[in-house]
Trainee: 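Below: one structure in structure tokens.
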Amino acid sequence: MKIATFNINGIKARIGALTDWIVEQQPDVAILQEIKSVDEGFPREIFEDKGYNVETHGQKGFNGVAILSKLPLEDVTRGLPGAEGAGREGADDDEARYIEATVVGKKAIRICGLYLPNGNPAPGPKYDYKLRWMQRLHDRAQELLAAEEPALMAGDYNIIPQTEDAARPEAWRDDALFRLESRDAFRRIQNLGLTEAFRVCEAGSGHYSFWDYQAGAWNKNDGIRIDHFLLTPQCADLLNNCWIESEVRGRDKPSDHVPVWVDLAA
DNA sequence: ATGCCGTATAAGATACGA
């Protein structure tokens with residue numbers, strides 16, 4: 001089963017490039033972030049016509065996540081548990097950043113799609129929100145691990161895990177994506193017992209999933225690796241491969257992110 | 001580079017991103 005995570009930076013702007021990619025690559029599951037659309041505005045028929053089941057968790061203008069799957073999606077939940085002031089104005093669940101569903105192939109896999117807050121400027125209230133969000137993700141990961149079943153958490157983590165995951169790490173030193181407190185929080189989630197799929201398959205520097213639109217970042221390979229798959233042990237046992245489809249960044253009307261893939265024996 | 005580009009909202013600037 002081939003599963004991709006892809007921050008598309010707006011479904012309206014990306015509909016052409018995204019459908020071309022879907023038709024070409026035929027992912028079994030595509031986990032999307034930054035759809036920047038309400039659920040009713042997402043062009044689900046386009047993907048349904050191509051054989052996909054579609055589940056979205058959107059909002060007006062910003063954020064928004066979705067899962068497309070050739071196999072049925074079961075037990076869909078929207079939102080990350082544990083929000084402070086849930087349901088009230090300005091609460092931690094105001095932003096549409098998280099969706100879960102189970103995909104049943106040869107094995108059942110719990111798929112968690114996430115768009116972790118950027119957190120800049122750091123320090124500050126946006127950074128505090130990022131850290132709270134990561135604590136909630138930690139708690140949800142703990143529950144998934146306790147179930148001892150195949151599950152993965154995939155998406156735009158807005159975290160550069162290590163120095164080798166940025167072309168110019170010194171430029172990111174105090175940024176919310178790379179500062180020590182952010183990397184610590186990511187490591188705490190991993191240390192519960194999750195496998196970061198890409199680093200099982202590829203060592204070394206120069207592998208990125210995001211390049212800024214500005215200053216010719218793509219042409220200089222001035223990128224960062226911030227889109228990740230974390231796998232429970234039962235899911236890691238199924239891992240055949242993990243790779244980044246960086247070529248997509250050089251196409252017409254690209255997102256600033258590219259797809260990251262896992263192939264699972266499931 | 002407290003904004004070099006891009007997206008969304010909405011009708012001209014402004015918010016946001018990483």
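In this text the structure is predicted, and so the values were computed from the model without any measurement.
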Trainee: Checking all strands, does A/Y208 fall into the base, sugar-phosphate, or nothing category for heavy-atom contacts under 4.0 angstrom?
Mentor: nothing
Trainee: For A/A217 and A/W211, work out which heavy atoms get closest and say how close.
Mentor: O-CD1, 3.7 Å
Trainee: Cation-pi between A/R249 and A/F210: NZ/CZ under 6.0 Å from ring centre and within 45° of the ring axis?
Mentor: no
Trainee: Between B/dA1 and B/dA15, how far is it from one P atom to the other, in whole Å?
Mentor: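 Per the computed distance, 23 Å lies between those P atoms.
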Trainee: Quick one: A/Q33 CD to B/dC16 C1', roughly how many Å, whole number?
Mentor: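 Answer to the nearest Å: 17 Å.
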Trainee: What is the distance from CG of A/D222 to C1' of B/dA1, rounded to the nearest Å?
Mentor: 13 Å
Trainee: Which whole number of Å gives the distance between the P atom of B/dA10 and that of B/dG6?
Mentor: 23 Å
Trainee: Using OP1 and OP2 only, check whether a side-chain N or O of A/K36 sits under 4.0 Å from B/dC16.
Mentor: no
Trainee: Mind checking if A/I226 touches a base, just sugar-phosphate, or nothing, with heavy atoms under 4.0 Å?
Mentor: sugar-phosphate
Trainee: Measure NE2/A/H257 against C1'/B/dC16 and give the value in whole Å, please.
Mentor: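 A/H257 atom NE2 is separated from B/dC16 atom C1' by 12 Å.
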Trainee: Just to confirm, is there a sub-4.0 Å distance from OP1 or OP2 of B/dG6 to any side-chain nitrogen or oxygen of A/K12?
Mentor: no
Trainee: For a quick test of reading the model: is some side-chain N or O of A/R14 closer than 4.0 Å to OP1 or OP2 of B/dG6?
Mentor: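 Answer is no, no contact under 4.0 Å.
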Trainee: Look at the side chain of A/K60 and decide which nucleotide, out of B/dC4, B/dG17, B/dA10, has an atom nearest to it.
Mentor: B/dA10
Trainee: Output the rounded distance in Å from CH2 (A/W218) to C1' (B/dC4).
Mentor: 19 Å
Trainee: When you match A/A13 and A/D175 each to their closest nucleotide on DNA chain B, which lands nearer the 5' end?
Mentor: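 Going by which nucleotide is closer to the 5' end, it is A/A13.
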Trainee: Which listed nucleotide (B/dC5, B/dC4, B/dA15) is nearest to the side chain of A/Y213?
Mentor: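 Shortest atom-to-atom distance from the side chain points to B/dC5.
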Trainee: Which nucleotide in the list B/dT7, B/dC5, B/dG17 gets nearest to the side chain of A/K253?
Mentor: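 The nucleotide sitting nearest to the side chain is B/dT7.
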Trainee: To the nearest Å, give me how far apart CD1 (A/I11) and P (B/dG6) are.
Mentor: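 To the nearest whole Å, that distance equals 19 Å.
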Trainee: Considering only the C1' atoms, how many Å lie between B/dG17 and B/dC4, rounded to the nearest integer?
Mentor: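 These two C1' atoms come out 14 Å apart once rounded.
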Trainee: State, to 0.1 Å, how close A/H57 and A/A96 come at their nearest heavy-atom pair, and which atoms those are.
Mentor: O-CB, 3.4 Å
Trainee: Rounded to whole Å, please give me the gap between CD1 in A/I15 and P in B/dA8.
Mentor: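 Value for this atom pair: 11 Å.
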Trainee: Scan A/N9 against the nucleic acid and name what it touches under 4.0 Å (heavy atoms): base, sugar-phosphate only, or nothing.
Mentor: sugar-phosphate
Trainee: Is the A/Y115 to A/Y98 ring centre distance short of 6.0 Å?
Mentor: no
Trainee: Find which nucleotide of DNA chain B each of A/N63 and A/D212 is nearest to by heavy atoms, and output the residue with the more 5' nucleotide.
Mentor: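 By nearest-heavy-atom nucleotide position, the 5'-most residue is A/D212.
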Trainee: Rounded to the nearest Å, what distance is computed from the CZ atom of residue A/R97 to the C1' atom of nucleotide B/dG17?
Mentor: 10 Å
Trainee: Say whether A/N7 and A/D227, considering side chains only, have a donor N or O and an acceptor N or O under 3.5 Å apart.
Mentor: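 No, no side-chain donor-acceptor contact under 3.5 Å.
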Trainee: Does the side chain of A/N9 come under 3.5 Å of the side chain of A/Y213 through a donor N or O and an acceptor N or O?
Mentor: yes
Trainee: Taking only the side-chain heavy atoms of A/K126 (C-beta and beyond), determine which of B/dC16, B/dT7, B/dT9 contains the nearest atom.
Mentor: B/dC16
Trainee: Could you tell me the separation between the CG atom of A/N120 and the P atom of B/dA15, rounded to a whole number of Å?
Mentor: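 Result: 17 Å.
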